[in-house]
Amino acid sequence: MTCEGRRVTASSNESAPRYALDLLRWQFDLTWALFEYHLERLEADDFLWEPAASCWTVRQADDGTWVPDWAESEPEPVPVPTIGWLSWHIGWWWSVAVDHAHGRAPRERSDITWPGAGEPTVEWLRGLRTEWLEALDRFTGADLDSTAPFPWQNDPRHTVAHMVAWVNAELMKNAAEIGQLRLQRAGDRRSTNTRR
């Protein structure tokens, strides 16, 4: 297996945590490449497109900021999220994970502001990637083995390595959701143009 051109293998000279981080980094890079495929193709009007009658989205407040739909208890059925809402959601959980990874006080959900449809959000997400990679590059084996501060609130059963794996899984899930919505919207546009 390769990780940015280098082979990822465990050797007797390499600690298990370092090998784990190399493998997690490889998985992250793969996930990001798949996400970038969709980020490069998103159009500004894709972000607020509502694919169903019941949607969670981001709405512009009187002061110009974007506010996500939110409920403390998940409604049943769960509303279909827009790309805008999903991109805010990624920005929220990833900003908090980045804060923890850098040893900063984590921001509250209400402090995470969606920058708006199109390029501002794409650049925001790319910036979070850069910050995340800076944190990963600083982690030592001891860091990976330490108790994760997030998202399990310092549960000793979960390590920082678990947190890194969780970021990969969340990003993979949200990237797939955004990709599916983008493809559905593109398909709907083609169908509409064909019927004319």
Side-chain angles (χ1 to χ4, degrees), residues 1-40 42 68 70 72 74 81 83 85-115 119-180:
M1 183 179 314
T2 60
C3 182
E4 291 190 351
R6 65 184 186 277
R7 188 149 179 82
V8 180
T9 58
S11 71
S12 58
N13 296 332
E14 185 176 29
S15 70
R18 186 74 240 168
Y19 170 72
L21 183 59
D22 286 346
L23 189 57
L24 289 165
R25 172 65 190 268
W26 176 87
Q27 184 184 49
F28 174 81
D29 290 340
L30 175 62
T31 301
W32 184 263
L34 297 171
F35 191 31
E36 189 67 44
Y37 174 84
H38 294 295
L39 290 178
E40 290 171 354
L42 282 172
W70 186 258
E72 291 302 324
E74 200 166 69
I83 292 173
W85 190 92
L86 286 164
S87 60
W88 163 80
H89 181 68
I90 294 169
W92 165 46
W93 62 254
W94 209 358
S95 292
V96 174
V98 164
D99 287 343
H100 283 290
H102 284 284
R104 302 187 296 239
R107 288 166 273 184
E108 296 295 324
R109 178 179 44 81
S110 58
D111 295 333
I112 309 298
T113 305
W114 190 67
E119 200 59 30
T121 290
V122 171
E123 289 307 311
W124 178 47
L125 296 173
R126 288 176 177 150
L128 286 169
R129 173 187 177 265
T130 298
E131 285 189 79
W132 183 246
L133 292 178
E134 288 168 0
L136 292 183
D137 288 344
R138 284 191 357 265
F139 284 155
T140 65
D143 292 332
L144 291 175
D145 284 339
S146 64
T147 301
F150 178 76
W152 300 280
Q153 309 283 319
N154 295 311
D155 179 344
R157 295 173 298 170
H158 295 99
T159 65
V160 169
H162 286 102
M163 180 178 77
V164 174
W166 176 84
V167 165
N168 288 351
E170 278 292 308
L171 184 60
M172 193 178 307
K173 176 182 77 71
N174 290 153
E177 291 169 324
I178 286 173
Q180 187 60 42

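Along the sequence shown, the residues carry numbers beginning at 1.
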For the [atom1] atom of [X] and the [atom2] atom of [Y], what is their distance to the nearest 0.5 Å?
X: Ile178; Y: Trp85; atom1: CD1; atom2: CH2; value: 10.5 Å
X: Leu24; Y: Leu136; atom1: CG; atom2: CG; value: 8.5 Å
X: Leu86; Y: Trp88; atom1: CG; atom2: CH2; value: 10.5 Å
X: Ile112; Y: His89; atom1: CD1; atom2: NE2; value: 12.5 Å
X: Glu119; Y: Leu39; atom1: CD; atom2: CG; value: 9.0 Å

Legend entry - Centroid separation His162 to Trp166 less than 6.0 Å: no
Legend entry - SB check Glu131 Arg138 (cutoff 4.0 Å): no
Inset, instruction - Identify whether the distance between the nearest side-chain nitrogen and carboxylate oxygen of Glu134 and Arg129 falls below 4.0 Å. - result: no
Does any non-hydrogen side-chain atom of [Y] lie less than 4.5 Å from one of [X]?
X: Val164; Y: Phe139; value: yes
X: Asp155; Y: Thr147; value: no
X: Ser95; Y: Asp111; value: no
X: Phe35; Y: Ile90; value: yes
X: Trp93; Y: Val167; value: yes
X: Leu23; Y: Tyr19; value: yes
X: Arg25; Y: Asp22; value: no
X: Trp124; Y: Trp94; value: no

Legend entry - Stepwise side chain to side chain contact (heavy atoms under 4.5 Å, CB included) test for Thr159 and Ser146: CA-CA 5 Å; Thr159 65; Ser146 64; over 6 Å; no
Inset, instruction - Could you label the plane-to-plane angle of the Trp32 and Phe28 rings as parallel, tilted or perpendicular, counting under 30° as parallel and over 60° as perpendicular? - result: parallel
Legend entry - Heavy atoms of other groups near Arg157 CZ, more than 12 under 6.0 Å: no
Legend entry - Whether over 12 other heavy atoms sit under 6.0 Å from Glu40 CD: yes
Inset, instruction - Please report the shortest heavy-atom distance between Met163 and Ala148, naming the atom on each side. - result: CB-CB, 4.2 Å
Inset, instruction - Measure across Pro106 and Val96 and return the closest heavy-atom pair with its distance rounded to 0.1 Å. - result: CB-CG1, 4.0 Å
Backbone N or O of [Y] within a donor-acceptor pair of the [X] side chain at under 3.5 Å?
X: Asp143; Y: Thr140; result: yes
X: Asn168; Y: Thr31; result: no
X: Asp99; Y: Arg107; result: yes

